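A quick note: this is a predicted structure, and the numbers were derived from the prediction, not measured. Proteins get letters first, then strands, A, B, ... in listed order; numbering begins at 1 in each.
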Amino acid sequence: MQQQKVRVRFAPSPTGGLHLGGVRTVLFNYLFAKQHNGDFVLRIEDTDQTRYVPGAEEYIMECLKWCGLNADESPLVGGPYAPYRQSERKPIYREYAEQLVKAGYAYYAFDTPEELEEMRTRLKTEENPSPQYNHAARAQMKNSISLSEAETAALLKNGTRHVIRIKMPDNEEVSFTDLIRGHVQFNTSTVDDKVLLKADGMPTYHLAVVVDDYLMKITHAFRGEEWLPSAPVHLLLWKYLGWEADMPQWAHLPLILKPDGNGKLSKRDGDRLGFPVYAMNWTDPKTGDLTKGFRENGFLPEAFVNMLAMLGWNDGSGQEIFSMDELIARFSLDRVSKSGAKFDYEKAKWFNHQYLLNADNNKLATLFEPVLKEKGITAAPEYVATIAGLVKDRCDFVNDIWNHGFFFFQAPETWDVTAVKPKWNADKTQFFMDWASVLETLSDFSLASVEESFKTLATSMNIKVGELQLPFRIMLTGGKFGPPVFNIAETLGKHETIQRIMNGLKAINA
RNA sequence: GCCGCGUUGGUCAAUCGGCUAAGACGCCUCCCUUUCACGGAGGAAUGACGGGUUCGACUCCCGUACGCGGUACCA
C-alpha cells in the first residue's frame with residue numbers, strides 16, 4: 001500500500017448517552033490521527049430509524065467538544081466527503097447492494113419478519129439455540145436463490161418488501177491482521193447471510209461501514225471488540241466490491257468491563273454502583289430519565305481523557321499523567337492491551353485529584369463559581385481562588401471545595417465544643433481575649449505575623465501552643481476540619497477572625 | 001450449542017526466554033500535622049490448570065478450565 005494520508009473515523013449511532021467506552025474509542029482515533037497528521041472524521045450512523053433519538057447527535061458533539069476531541073470533518077463542520085449523516089446518504093447504499101446482487105455476491109430475500117421467526121423456532125434445537133440464515137437455511141427460504149428468476153422478477157415488480165443479503169461462501173477461510181490482536185481467522189460457514197440493505201432501503205451497519213469507509217478514504221478503522229465476529233462480513237464486502245486494495249487496517253479495541261463481576265460496563269452499572277458512565281448528563285427525551293455524566297460529576301475534561309487513555313493503553317514507562325500533546329506523541333497501537341479492563345472509579349477519582357492539584361487556582365475559582373451561585377453566595381474571584389488553593393489537596397472534585405471550605409463563606413453557627421470543653425479553662429479564655437486585642441493592633445494581618453503573635457502570647461502566658469490551636473480552629477470553622485488554622489485566619493482577615501474568636505468564646509463558655 | 005477473543009496482586013498493569021515478577025489505585029502501619037489532607041517511609045497482596053519446546057519459561061506451542069463477545073431487517 002502506498003503512502004496516503006491517515007484518515008480515521010468514529011461512527012456513533014445517535015441513540016442516547018455517550019458511553020465512556022465510546023469516548024475512549026474516539027480518543028484512540030483522535031490520538032492516532034493527530035500523531036500522523038491525519039484527519040479525524042465524525043460520521044453519524046443513523047440507519048436505524050426506529051432507534052433514532054432526537055438531540056443525541058448534538059449531545060455527542062457536545063461531549064467531544066468538552067473532551068477536546070473535535071472532528072476535522074463532521075455533519076457540523078462539513079468536509080469534502082459530505083454528507084456525514086448516513087440517513088442522508090441513503091441512495092448511495094442501494095446502488096452498491098444492487099451491484100453485489102448482479103455480481104452474485106448477494107441476493108434478494110422476501111421473507112417477512114414472521115417467516116424468519118418461524119424459521120428460527122423451527123430450526124432451533126438443544127445444540128443449536130440460535131439458527132442462522134446461512135448457506136443451509138437459505139435454500140428453504142423465500143429469496144432469489146431459492147426462487148426462479150421469473151418468480152423473483154415478479155415479486156420485485158409488484159413491489160414486494162425485500163432485503164438484500166450477502167451470500168456467504170460455504171467453506172472459505174477469511175483472515176486479516178488486526179493491529180491489536182495480530183492474525184485473526186474465520187471460516188465463512190460459521191457466519192450467516194447478513195442483511196445488507198433493509199426493507200426500508202436503509203443499509204445495515206455492515207454495508208454502510210464498508211461503503212462509507214471506502215468513499216471517505218478511511219485508512220485505519222478502530223472499533224470495539226464486539227465487532228470482531230462480524231469482521232469476516234466486512235472483509236468479504238471489501239473484496240466483493242472490488243476495493244480490497246483500499247481496505248483500512250483494522251484495530252479491535254478491548255472492552256471496558258464492569259468493576260464487579262464480569263461483562264461490558266453499562267449505564268445500569270453506573271446507576272447501581274453510584275458513578276457516571278456517560279461523558280455528560282443525558283436526559284432521555286421519551287422517559288425524562290436523567291443519567292449522570294462525568295462532566296456534571298465534577299470531572300475536569302483533561303483528567304477524564306487521561307484516565308480513559310490509561311484504560312487499555314500505557315507507554316511502558318510507568319508514567320500515568322499525560323497531557324493531550326504527550327498522548328498524541330506517545331500513543332501507539334502496539335501498546336494497547338488485548339484484554340478488557342474493569343473500570344475502577346476510585347482510580348478515576350485519583351486522576352481528577354491529580355489534575356485538581358495542578359490546576360490554576362483562578363481556573364478552579366471560575367469552575368466553582370456556579371456552586372456558589374447556586375447557594376446564593378457572592379464572593380470576589382481572588383478570594384475564591386485563594387480558598388481553592390488552600391483546600392484543593394483534599395478535594396477529588398471541584399464541588400468538594402465547598403465541603404472543605406464552606407466556612408470561608410459563612411461563619412459557623414454551631415461549634416464542636418465537645419472537642420475542646422474537656423481541656424478548657426479560664427486561662428484559655430483569657431488568652432483569646434488578650435490575643436484578640438493584640439490582633440486588633442496588628443497592621444500587617446499576614447500568616448506570619450498572626451502566627452507569631454499567637455505563639456508569643458501563648459508562651460508568655462505559659463500555655464502550650466498546641467492546646468490552643470484546636471480551639472482556635474473550632475472558633476474559625478466550627479469543627480475539626482479545614483486547612484492550617486493560620487492560613488484560615490489570614491484568608492478570613494482581621495475583622496472576621498476577631499469576630500469569630502468572640503463568637504467562639506461565647507459558645508465554648510456557654 | 002457454534003464461532004471468535006481473552007486470562008500476571010482486589011483493580012489498572014510492566015515484563016517482548018534469564019524474575020529476588022516494576023509501578024499506580026485501593027487497603028494497612030509509621031513519620032509529618034494536636035483537624036483533615038498533601039508529602040515521606042514501610043507493609044500485605046500476583047503469573048488459571050495440565051502437558052510440551054528449551055540449559056532456562058510469566059514470556060513460545062498444544063490441550064483443558066474459566067471469562068467475555070458475537071450468533072437481529074441494533075449498532
Side-chain angles (χ1 to χ4, degrees), chain A residues 11-15 45-48 50-51 109 111-113 116-117 120 124-134 161-165 178 180-181 184-187 189-192 194-206 208-209 223-232 252 254-255 257 259-264 307 310-321 334-335 337-351 353 357 391-395 404 416 419 423 464-471 473-474 477 479-485 488:
Chain A
S13 56
T15 54
E45 208 101 36
D46 57 347
T47 54
D48 187 348
T50 63
R51 293 213 307 160
D111 317 278
T112 63
L116 289 173
E117 183 60 35
R120 290 197 178 102
K124 189 171 178 174
T125 61
E126 191 93 331
E127 307 80 57
N128 185 11
S130 17
Q132 298 184 312
Y133 197 118
N134 59 15
R161 277 178 78 82
H162 64 276
V163 301
I164 291 177
R165 286 179 180 272
D178 187 274
I180 293 171
R181 279 146 223 290
V184 183
Q185 194 172 67
F186 300 86
N187 187 293
S189 40
T190 65
V191 1
D192 59 345
K194 292 274 182 236
V195 169
L196 264 22
L197 199 75
K198 300 187 251 191
D200 65 1
M202 279 289 194
T204 59
Y205 171 84
H206 306 296
V209 72
R223 58 189 358 177
E225 191 188 349
E226 69 266 30
W227 288 108
L228 203 46
S230 53
H252 290 90
L255 265 20
L257 278 11
D260 60 337
N262 296 302
K264 279 201 281 188
M307 180 272 293
M310 300 309 291
L311 219 49
W313 174 85
N314 72 80
D315 78 343
S317 72
Q319 182 178 340
E320 294 190 279
I321 301 297
D334 54 348
R335 292 205 63 90
S337 59
K338 297 177 178 64
S339 50
K342 288 185 181 174
F343 179 65
D344 181 358
Y345 189 56
E346 291 304 316
K347 188 74 186 248
K349 287 201 293 199
W350 177 81
F351 275 104
H353 183 235
L357 247 35
V391 304
K392 67 181 178 184
D393 58 2
R394 62 213 78 197
C395 297
H404 293 286
D416 183 3
K423 290 184 184 173
K464 276 191 200 141
V465 173
E467 292 201 4
L468 293 165
Q469 284 200 34
L470 188 61
R473 167 178 300 283
I474 287 167
T477 70
K480 298 186 338 183
F481 37 67
V485 247
I488 300 176

Give the rounded distance in Å between these two atoms: [atom1] of [X] and [atom2] of [N].
X	N	atom1	atom2	value
A:F186	B:rG70	CZ	P	13 Å
A:E467	B:rU35	CD	P	13 Å
A:F343	B:rG26	CZ	P	14 Å
A:D315	B:rA22	CG	P	19 Å
A:K338	B:rC5	NZ	P	12 Å
A:I164	B:rC73	CD1	P	15 Å
A:K392	B:rA37	NZ	C1'	14 Å
A:E225	B:rU7	CD	P	10 Å

Q: Tell me yes or no: between the side chains of A:D48 and A:Y205, is some donor less than 3.5 Å from an acceptor?
A: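 A:D48 vs A:Y205: no donor-acceptor pair found between side chains.
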Q) For A:R223 and A:H252, does a side-chain donor sit closer than 3.5 Å to a side-chain acceptor? A)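 Per modelled atom types, A:R223 and A:H252 side chains form a pair under 3.5 Å.
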Nearest to the side chain of [X], which nucleotide is it out of [options]?
X	options	value
A:V184	B:rU71, B:rU7, B:rC5	B:rC5
A:Q469	B:rU34, B:rC74, B:rA14	B:rU34
A:N262	B:rG67, B:rU11, B:rC74	B:rG67
A:K347	B:rC25, B:rC5, B:rU71	B:rC25
A:R51	B:rC74, B:rC73, B:rA37	B:rC74
A:L255	B:rG69, B:rC38, B:rU11	B:rG69
A:E346	B:rU34, B:rG26, B:rA14	B:rG26

Q: Tell me which of A:R473 and A:D48 sits closer to the 5' end of RNA chain B, going by the nucleotide each one is nearest to.
A: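 It is A:R473 whose nearest nucleotide is closer to the 5' end.
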Q: In sequence, state the C-alpha distance, the side-chain angles, and the governing distance for A:E117 and A:R120, and then conclude on salt bridge (Lys or Arg N to Asp or Glu O under 4.0 Å).
A: CA-CA 5 Å; A:E117 183 60 35; A:R120 290 197 178 102; 5.2 Å; no
Which value, in whole Å, describes the distance between the [atom1] atoms of nucleotides [N] and [M]?
N	M	atom1	value
B:rU20	B:rG39	P	33 Å
B:rA13	B:rU71	P	25 Å
B:rA37	B:rG43	P	23 Å
B:rC73	B:rC68	C1'	27 Å
B:rG47	B:rA22	C1'	14 Å
B:rC5	B:rA21	P	32 Å
B:rA44	B:rG50	P	26 Å

Q.
Taking the basic N atoms (NZ, or NE/NH1/NH2) and the acidic carboxylate oxygens, is any pair closer than 4.0 Å for A:R181 and A:E225?
A.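 The answer is yes: the pair qualifies as a salt bridge.
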Q) Pick from A:Q319, A:R335, A:E320: which one makes a side chain to side chain donor-acceptor pair (under 3.5 Å) with A:N314? A)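 For A:N314, the side chain to side chain donor-acceptor pair (under 3.5 Å) test succeeds with only one of A:Q319, A:R335, A:E320, which is A:R335.
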Q: Please determine if a side-chain N or O atom of A:K342 lies less than 4.0 Å away from the OP1 or OP2 oxygen of B:rG26.
A: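 Checking B:rG26 against A:K342, no side-chain N or O comes under 4.0 Å of OP1 or OP2.
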Q | Non-hydrogen side-chain atoms of A:L357 and A:D393 separated by less than 4.5 Å | A |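 SC-SC contact between A:L357 and A:D393 confirmed.
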